[in-house]
There are 2 protein chains.
Amino acid sequence: MEERISIKDDPAFEKKKGRHEEIIKAAGKIFSSKGFHRARVEEIAKEAGIGKGTVYEYFKSKRHLFVEVIKYFTTKFLKEFKEAARNGKDYREKLENALGLLIDILHESSGFFELLVRDHWEMDERLYQWMVKVRGEASKVIEDILVEGIKAGKIKDINPRIPAMMLIESSRLALFSGDLGDEKMSPGGLKRAIIDVVLNGILR
Amino acid sequence: MEERISIKDDPAFEKKKGRHEEIIKAAGKIFSSKGFHRARVEEIAKEAGIGKGTVYEYFKSKRHLFVEVIKYFTTKFLKEFKEAARNGKDYREKLENALGLLIDILHESSGFFELLVRDHWEMDERLYQWMVKVRGEASKVIEDILVEGIKAGKIKDINPRIPAMMLIESSRLALFSGDLGDEKMSPGGLKRAIIDVVLNGILR
DNA sequence: CCAGATTGACCGACCGGTCGGTCTGAAACT
DNA sequence: AGTTTCAGACCGACCGGTCGGTCAATCTGG
């Protein structure tokens with residue numbers, strides 16, 4: 001978008017920005033409920049309350065729109081994730097907050113996360129690399145928390161990468177909680193159970 | 001003795017059965033490398049060395065074929081998984097064998113597993129339920145191993161479901177091993193690391 | 001020589017993307 | 001203030017390519 005005189009006061013500018021985000025949100029809704037291929041551009045436009053042609057005023061193609069949607073939501077997620085990991089008096093509380101957020105998101109809007117593990121793999125290399133980066137950053141957040149525990153002498157002096165990624169992957173159980181009919185699979189219970197296993201192990 | 005039966009000797013029958021499986025295998029190859037939507041029926045037929053029309057002699061539609069592919073491979077996987085879980089002198093060895101198999105499959109042919117986590121979710125309810133069942137059975141295999149450890153007094157007397165599912169979900173790390181550039185992420189190293197964390201925990 | 005298997009050219013539904021045209025509202029001018 | 005102009009946001013009917021699925025023609029082997 002090009003610079004212009006008195007942009008901030010230009011209502012058209014505000015309008016344009018608003019639409020951009022509106023479309024991404026609408027697209028996020030449709031993409032995450034039906035997947036890339038079944039999502040219809042016209043339906044996305046309808047959801048955003050605009051005409052189909054207008055979508056193409058903002059995004060070059062359906063695929064470009066999809067990439068922007070992924071970037072938008074993953075960026076938002078990482079921000080919240082880092083924030084959650086910052087709030088807590090010690091490594092344990094930070095761990096609970098961060099994983100709690102991840103599990104809640106997976107639990108309540110599994111569609112969003114499915115979006116992340118699906119479709120993008122068959123997109124171009126650039127999006128794939130973006131997702132590698134997102135996974136890496138999320139892992140880093142947990143690793144840093146574990147390192148804090150190591151420095152405090154609470155955790156064994158190990159490479160925290162694998163346990164960190166295990167915690168993240170295990171959070172995926174929240175996606176299936178509906179199918180399991182297990183009251184222990186409530187977000188809170190799941191969070192505690194996962195952390196408990198990774199911290200204490202299951203050996204007697 | 002008599003020639004009454006002899007259906008099994010009917011070449012047409014054998015041929016039909018053979019084709020059926022050939023097509024499924026060819027479809028598995030194409031579907032797992034490109035996903036459902038990008039896979040072309042004609043390409044599957046070509047891979048199977050037959051004409052496109054013949055595919056429709058064996059399967060009602062592309063979607064029906066896809067369902068059969070998923071059922072075929074998951075059934076085969078579960079059989080091997082149970083087999084691996086049976087071979088081992090104690091719970092620990094059984095655990096290593098079963099997880100080792102899963103991790104190897106994920107590592108060497110991530111396409112196959114991607115097939116399981118992708119696409120099917122946007123198919124019909126029946127396939128979704130099938131996948132729930134497959135996950136449940138795989139979890140059960142690991143749970144049974146853990147129960148053996150519990151009975152032997154090696155493992156805490158806990159509900160083995162969550163650790164079992166954590167072990168399975170954590171195996172997914174094998175999918176990313178390429179992106180991590182970590183020598184610890186070799187299938188063998190990963191298997192040991194995952195089991196070690198779940199069994200012993202990471203607390204000092 | 002026929003019954004069933006096989007085939008691939010063909011059909012048409014479908015949908016991403018385009019484009020000619022409308023509408024809005026802000027500046028420019030009187 | 002009223003009028004004109006104009007940029008560009010917005011629109012949706014339409015176009016063109018793409019495949020899933022069909023079926024008449026062909027093949028095959030018994």
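Every heavy atom of this structure was used, including side-chain atoms; hydrogens, water molecules and symmetry mates were not. The shown structure was predicted, so the numbers you read here are calculated from the model rather than taken from an experiment. A, B, ... follow the sequence lines: proteins, then strands. Residue 1 opens every chain.
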Compare every heavy atom of A:K34 with every heavy atom of A:A39, then report the nearest pair and how far apart it is. N-CB, 4.2 Å
Distance only, no hydrogens: is a donor on one side chain within 3.5 Å (strictly under) of an acceptor on the other, for A:E68 and A:Y58? no
Measure the distance from CG on B:L65 to C1' on D:dG21 and round it to the nearest whole Å. 13 Å
Find the distance B:Y56:OH to C:dA9:P and express it as a whole number of Å. 16 Å
Charged N to carboxylate O below 4.0 Å: is that the case for B:K82 and B:E137? yes
Check against salt bridge (charged side-chain N to carboxylate O under 4.0 Å, His left out), A:E42 and A:K52: CA-CA 5 Å; A:E42 188 159 11; A:K52 179 179 169 184; 5.1 Å; no
Phosphate OP1/OP2 of C:dT6: any B:R19 side-chain N/O under 4.0 Å: yes
Could you give the NE2-to-P distance, from B:H37 to C:dC14, as a whole number of Å? 16 Å
Rounded to whole Å, the CD-C1' distance (B:E57 to D:dG21) equals 12 Å
Hey, what do you get for CG (B:L65) to NE2 (B:H20), rounding to the nearest 0.5 Å? 8.5 Å
Should B:K94 and B:D90 count as an ion pair when the cut-off is N to O under 4.0 Å? no
Plane angle bin for A:F31 and A:F36 - parallel if under 30°, tilted between 30 and 60°, otherwise perpendicular: parallel
Tell me: CD of B:E42 to C1' of C:dT6, nearest whole Å? 14 Å
Please report the C-alpha distance between A:K79 and A:E83 in whole Å, then the side-chain angles of each, then the deciding distance to 0.1 Å, and finally whether the salt bridge (charged side-chain N to carboxylate O under 4.0 Å, His left out) criterion is met. CA-CA 6 Å; A:K79 192 170 155 244; A:E83 180 68 22; over 6 Å; no
Heavy-atom contacts under 4.0 Å between residues 44-54 of chain B and DNA chain D, which residues? B:K52
Which atom pairs link the protein and nucleotides 15-18 of chain D when you take only N or O atoms and keep those under 3.5 Å?
none

Round to the nearest Å and state the distance from A:H20 atom NE2 to D:dA9 atom C1'. 16 Å
